[in-house]
Amino acid sequence: MNTITIGIAGGTGSGKSTFTNRLKRYFGDRISVLYHDNYYKRQDDIPFEERVKVNYDHPDALETDLFVEHLRALKNGQTILCPVYDYTVHNRSDKVIEIKPSRIILVEGILVLYDPRVRDLLDIKVYVEADADERILRRVLRDVEERGRDLRGIINQYLTTVKPMHYLYVDPTRAKADIVINSGMNDVAYDLFRQKIEALLTEDMV
């Protein structure tokens with residue numbers, strides 16, 4: 001099986017997860033998805049009060065070595081046990097998700113175009129962008145509704161780590177992308193990728 005990997009990067013709240021999840025909902029088990037966010041480092045030895053202060057938008061916050069190992073395994077036709085990150089406690093949970101290899105693997109995360117080892121494993125590199133005001137508003141809604149965060153903490157995290165790290169590490173990777181799209185709700189881009197993936201999957205059936 002000739003695996004095709006599609007990296008989907010972009011700043012927090014840009015819509016990359018929306019774009020990824022739209023494709024996953026459409027294709028279901030016919031494609032696999034690997035989320036870089038699940039590879040935040042385990043922090044069992046750090047008190048919760050200190051974990052809250054960690055800079056999660058810096059590349060060092062992620063266990064990218066394991067991420068690369070797992071992505072290579074999937075490309076080689078091997079099933080992996082992906083870690084699961086719990087945002088409510090700022091730590092990796094004890095759960096794992098079994099991810100099976102497939103013809104198409106979507107690889108999503110703010111920094112998937114940052115590390116050259118990851119980029120080398122991607123066949124198609126996508127960067128999703130959006131205005132900064134849109135991104136912060138989406139992040140606020142997500143963190144309050146899905147992750148149980150308080151507004152003051154979200155704003156403080158955004159100003160002290162998220163925003164500066166975006167300009168230092170995330171935004172420069174835009175130049176590494178093959179395709180740049182505006183918003184995860186870009187229907188033209190979605191239709192093009194859906195048709196491309198459908199064509200690749202159909203090849204295997206011929």
Donor-acceptor under 3.5 Å ([X] side chain, [Y] main chain):
| X | Y | result |
| --- | --- | --- |
| Lys24 | Val33 | no |
| Arg194 | Ala189 | no |
| Tyr169 | Leu111 | no |
| Arg92 | Tyr40 | yes |
| Ser32 | Lys100 | yes |
| Asn38 | Tyr85 | yes |
| Gln43 | His90 | yes |
| Arg51 | Val89 | yes |
| Arg119 | Val112 | no |
| Asp171 | His166 | no |

Evaluate the side chain to side chain contact (heavy atoms under 4.5 Å, CB included) criterion for residues Tyr127 and Val170: first the C-alpha distance (whole Å), next the side-chain angles of each, then the deciding distance (0.1 Å), finally the verdict.
CA-CA 10 Å; Tyr127 187 92; Val170 182; 3.9 Å; yes

Over all atoms of both residues, closest heavy-atom pair of [X] and [Y]:
| X | Y | result |
| --- | --- | --- |
| Thr64 | Pro59 | OG1-O, 4.5 Å |
| Leu200 | Arg103 | O-NE, 3.5 Å |
| Ala61 | Tyr56 | CB-CA, 3.9 Å |
| Phe193 | Ile6 | CE2-CG2, 4.0 Å |
| Lys75 | Leu121 | NZ-O, 3.1 Å |
| Tyr26 | Tyr190 | CB-OH, 3.5 Å |

Quick one: are [X] and [Y] in side-chain contact, heavy atoms under 4.5 Å?
| X | Y | result |
| --- | --- | --- |
| Ser102 | Thr3 | no |
| Phe27 | Glu198 | yes |
| Asp86 | Asn91 | no |
| Leu122 | Leu113 | yes |
| Arg117 | Leu71 | no |
| Val128 | Thr18 | no |
| Met165 | Asn55 | yes |
| Glu108 | Phe19 | no |

Point-to-point distance, once rounded to the nearest 0.5 Å, from [atom1] of [X] to [atom2] of [Y]:
| X | Y | atom1 | atom2 | answer |
| --- | --- | --- | --- | --- |
| Leu74 | Thr79 | CG | OG1 | 7.5 Å |
| His70 | Ile105 | NE2 | CD1 | 12.5 Å |
| Asn186 | Asp191 | CG | CG | 9.0 Å |
| Ile4 | Ile104 | CD1 | CD1 | 6.0 Å |
| Ile181 | Lys16 | CD1 | NZ | 11.5 Å |
| Ile124 | Ile179 | CD1 | CD1 | 6.5 Å |

Under-4.0 Å salt bridge between Asp115 and Lys176
no

Thinking salt bridges, do Glu69 and Arg72 make one under a 4.0 Å N-O criterion?
no

If you group Ile, Leu, Val, Met, Phe, Trp and Tyr by side-chain heavy-atom gaps below 4.5 Å, do [X] and [Y] land in one group?
| X | Y | answer |
| --- | --- | --- |
| Val54 | Ile110 | yes |
| Leu81 | Phe67 | no |
| Leu66 | Leu34 | yes |
| Leu106 | Leu192 | no |
| Val96 | Val107 | no |

In terms of relative ring orientation, are His36 and Tyr39 parallel, tilted or perpendicular, with 30° and 60° separating the classes?
tilted

Step through the shown structure and confirm whether more than 12 heavy atoms of other residues, nucleotides or ligands are within 6.0 Å of CG on Asp29.
no

